[in-house]
Asks: 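Below you'll find the structure I mean.
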Amino acid sequence: MAGLTITGLHKRYGGFHALKGIDLTIQDGSFAVFVGPSGCGKSTLLRSIAGLEDVDEGKIAIGGEDVTDLRPRDRDIAMVFQNYALYPYLTVFENIAFGLRSRKFPETEIRRRVGEAAEILGITALLDRLPRHLSGGQRQRVAIGRAIVRQAKLFLFDEPLSNLDAKLRDEMRGEIKRLHKEIGKTMVYVTHDQVEAMTLADRIMLLRDGRIEQEGAPLDLFERPSTGFVASFLGSPTINLIPGRLVTRSGRSAVVLDTGESLDLPAQRAKLDDGERPILLGIRPQYLTRAAGTLAAGHARIEANADLIQPTGTRTFVTSHIGGVAVTAELAAHDVDNSEGRIAYALDMARAILIDPSTDKVI
Amino acid sequence: MKSRSRRQLRLTLRYLAIALVLIVFLFPVYWLFMISFKTPDEIFSSPPKWWPGQIQFGNYAVLFKDGDVIAIWNSITVSFASTAIAMTLGTLCAYALARFKTGGENLAMWIISQRMMPPIAIVFPLFLIYVWAGLVDTHAGLILLYTAFNLPYVIWMMRGYIEDIPLELEESALVDGCSRWQVFWRVVVPMARSGLMATAVFTFIFAWNDFLFALVMTRTEVITFPVQLTHYMGGQSNFWGKIAAMSVLGSLPVMLTVAFMQRYLVRGISLGAVKG
Ligand SMILES: Nc1ncnc2c1ncn2[C@@H]1O[C@H](COP(=O)(O)OP(=O)(O)O)[C@@H](O)[C@H]1O
Ligand SMILES: [Mg+2]
């Protein structure tokens, strides 16, 4: 059992409250991702787990053992840093062996483990080189190698891919996922990139201003965000938020946009009291499709000018003005011509997310 | 064609300028070496002899025979020991200042301000203390003094070099199982190597060149080479042969050190320069 439990964690930097009460549990062997905008406290949380920051309140337990007051070296963790943190004066071999040497492993064991790790990461040929003679991707592999030889209980990654170019980042993301399958250790991964979070995580903790805004499986968060913040953070292109009023009359609800159009909500979504309130209608680009002759159940129809059409090959992104704001639709490549003017959209209202604009909560 | 000859001309002028500067700066050194090989007659001959008639080591032989070279040995021990101690203590202090903000923002400033004190202002009070403590004319006394005087410089310089080391390297080592001490030896020292070497050279040279403290604090037992030199300057006559030979012996260790460490010196000094 080497899961991670955090209870009531607070961290202040002088007067600045960086972590405002974090509670979380990460199952043994799972892959958890802390995601959130820059400055929300992801690194601070990860560094607290590593013991690199002293926390003000709360407890951290790794594998059931309270490590809150232990030094980093006594926590049995391995950490990969954003800038790789390779020692420029040591060869790749010695960089990977560093942690084993400080723990006084015998030479034969060091050779065996470094050899194995290099094998897994495909860097055997680089072992005699100095870090400055490696490419970014190779350096990242060495940094990961240094973590895995330790065979620690818990692996921590702080934005390990953010310094790589896009192609290499995709590749290394796959590698990290494969590595997790292969060694089966608990991993905690920090990123500000929602794609990385969605693809890697068993479980996402979405942070905002030093609090966990929502946690859950990636698709849960994507489909059932608890706030407008979560809804906008996950997904690319970002979710469309259209201002309007939610109007409920005798059990039937509709969203009336500021521009006057009325979009009916399906019956099962309308367990609301009669009345009227301001609302943000959240609808993801893929739930705006072209309206066919007859509307599918739960869909609402709306017409708008195509202001901008951007084909990417597989999908085509169309921007229109609906309800007074720019709205993006993600259509199949051949659903739309470059020259089209007016488009009739079908909005999948069963997938719509309704957000109270005053509290940012999803209703 | 024209631009080519122009370029050549420029290159020639540049080399000429370099040669001129080198001659101006190196001639005294050359002259010192030559005098040390000359006989007294040759030293005073007019017109001057640019090259001794015959290389002879008489001036050196006298220094060795009379035991005067012990002064060089004293200088070596005192400078070396004080440099080693100041570097060790100073680098540790610098680490504390840089990483744990020991003493807040102002302690570092206060420390370097100690270096700005003119030695002459304290040399006599110190002398009295040394008399009382029995440290006059001892190796320990001079080592202590040079260490104390060099510490602020070492701390200030090393603090700058240490602050330039990426924190992640140290944190990574901490997570990887190092204690603070191990981090210091296995990460900080190798990362700051150029800076350490450059600082050590300057520290060594300060101790090596010191005249004031050595003059006041020593009598007969630990005379260092700059003080020994003055013994050859009499009221009536100067022993130029001995002065030259002693100066050569006194310059060699420094020249060798600097030549040896040139690579680190250049890197270390330019690092410090960027930091400002
Ligand atoms: N050593 C520090 N001193 C003061 N403030 C800090 C320190 N480290 C981080 N912070 C602040 O805490 C907040 C969270 O930082 P961090 O955890 O690094 O964010 P991120 O989610 O981008 O990793 C930021 O606003 C940052 O400015
Ligand atoms: Mg961060």
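Every chain is numbered from 1, with letters handed out A, B, ... down the list of sequences.
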Asks: Assess whether atom CZ of B:Phe100 is packed by more than 12 heavy atoms of other residues, nucleotides or ligands within 6.0 Å.
Replies: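 Atom CZ in B:Phe100 is crowded, with more than 12 foreign heavy atoms closer than 6.0 Å.
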Asks: What part of A:Leu90 is in contact with chain B, defined as an atom under 4.5 angstrom from a non-hydrogen atom: side chain, backbone, both or neither?
Replies: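 No part of A:Leu90 comes within 4.5 Å of chain B.
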Asks: For A:Arg146 and B:Ser172, which heavy atoms make the closest approach, and how far apart are they?
Replies: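 It is NH2-OG, 2.5 Å.
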Asks: Go through the atoms of B:Arg186 and report whether side chain, backbone, both or neither lie under 4.5 Å from a heavy atom of chain A.
Replies: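 When you check distances to chain A, atoms from both the backbone and side chain of B:Arg186 fall under 4.5 Å.
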Asks: State, to 0.1 Å, how close A:Arg103 and B:Val175 come at their nearest heavy-atom pair, and which atoms those are.
Replies: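 Heavy-atom minimum between the residues: NH2-O, 3.5 Å.
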Asks: Could you note down all residue pairs passing side chain to side chain donor-acceptor pair (under 3.5 Å) where residues 202-213 of chain B supplies at least one of them, sequence neighbours left out?
Replies: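 The answer is B:Tyr146-B:Asp210.
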Asks: Taking all atoms of both residues into account, what is the closest heavy-atom pair of A:Arg73 and B:Cys178, and its distance?
Replies: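 Answer, listing the atom of A:Arg73 first, then B:Cys178: CD-O, 3.6 Å.
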Asks: With a 4.5 Å heavy-atom cut-off, do B:Val187 and A:Tyr89 have their side chains touching?
Replies: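 Yes; the side chains approach each other to less than 4.5 Å.
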Asks: Looking at A:Glu119, I want to see if its CD is surrounded by more than 12 non-hydrogen atoms of other residues, nucleotides or ligands under 6.0 Å.
Replies: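 No - once you tally the heavy atoms of other residues, nucleotides and ligands closer than 6.0 Å, there are 12 at most.
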Asks: Rounded to the nearest 0.5 Å, how far apart are CG of A:Asn83 and CG of B:Leu169?
Replies: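 Atom-to-atom, A:Asn83:CG and B:Leu169:CG are 9.5 Å apart.
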Asks: Show, in sequence, the C-alpha distance, side-chain angles and deciding distance for B:Leu167 and A:Phe81, and conclude whether the side-chain contact (heavy atoms from CB on, under 4.5 Å) test is met.
Replies: CA-CA 11 Å; B:Leu167 204 54; A:Phe81 291 81; over 6 Å; no
Asks: Quick check on A:Arg101 against chain B: is it the side chain, the backbone, both or neither that has a heavy atom closer than 4.5 Å?
Replies: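 For A:Arg101, backbone and side chain are both near chain B.
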Asks: Got a sec: does the CG of A:Asp165 have more than 12 other heavy atoms crowding it under 6.0 Å?
Replies: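 Enclosed: over 12 neighbouring heavy atoms sit under 6.0 Å from CG of A:Asp165.
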Asks: Heavy-atom count check: over 12 atoms from other residues, nucleotides or ligands less than 6.0 Å from A:Arg203 CZ?
Replies: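 Enclosed: over 12 neighbouring heavy atoms sit under 6.0 Å from CZ of A:Arg203.
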Asks: More than 12 heavy atoms of other residues, nucleotides or ligands under 6.0 Å from CD of A:Glu109: yes or no?
Replies: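 Check passes, neighbour count above 12.
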Asks: Chain B heavy atoms under 4.5 Å from A:Leu52: which part of the residue, side chain, backbone, both or neither?
Replies: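 A:Leu52 touches chain B through side-chain heavy atoms alone.
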Asks: Examine whether an atom of B:Gln182 lies under 4.5 Å from a heavy atom of chain A, and if so say whether it belongs to the side chain, the backbone or both; otherwise answer neither.
Replies: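 The side chain, not the backbone.
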Asks: Quick check on B:Phe27: does its CZ atom have over 12 non-hydrogen neighbours (other residues, nucleotides or ligands) under 6.0 Å away?
Replies: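 Enclosed: over 12 neighbouring heavy atoms sit under 6.0 Å from CZ of B:Phe27.
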Asks: Pick from A:Ala147, A:Gly99, A:Ser102, A:Pro72: which one has the most heavy-atom pairs with chain B under 4.5 Å?
Replies: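 Looking at each option in turn, the highest pair count goes to A:Ser102.
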Asks: Strictly by ring pair (Phe, Tyr, Trp, His ring centres under 6.0 Å), give each pair with a member in residues 98-132 of chain A just once, sequence neighbours left out.
Replies: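 Every pair satisfying ring pair (Phe, Tyr, Trp, His ring centres under 6.0 Å) with a residue in residues 98-132 of chain A: A:Tyr87-A:Phe98.
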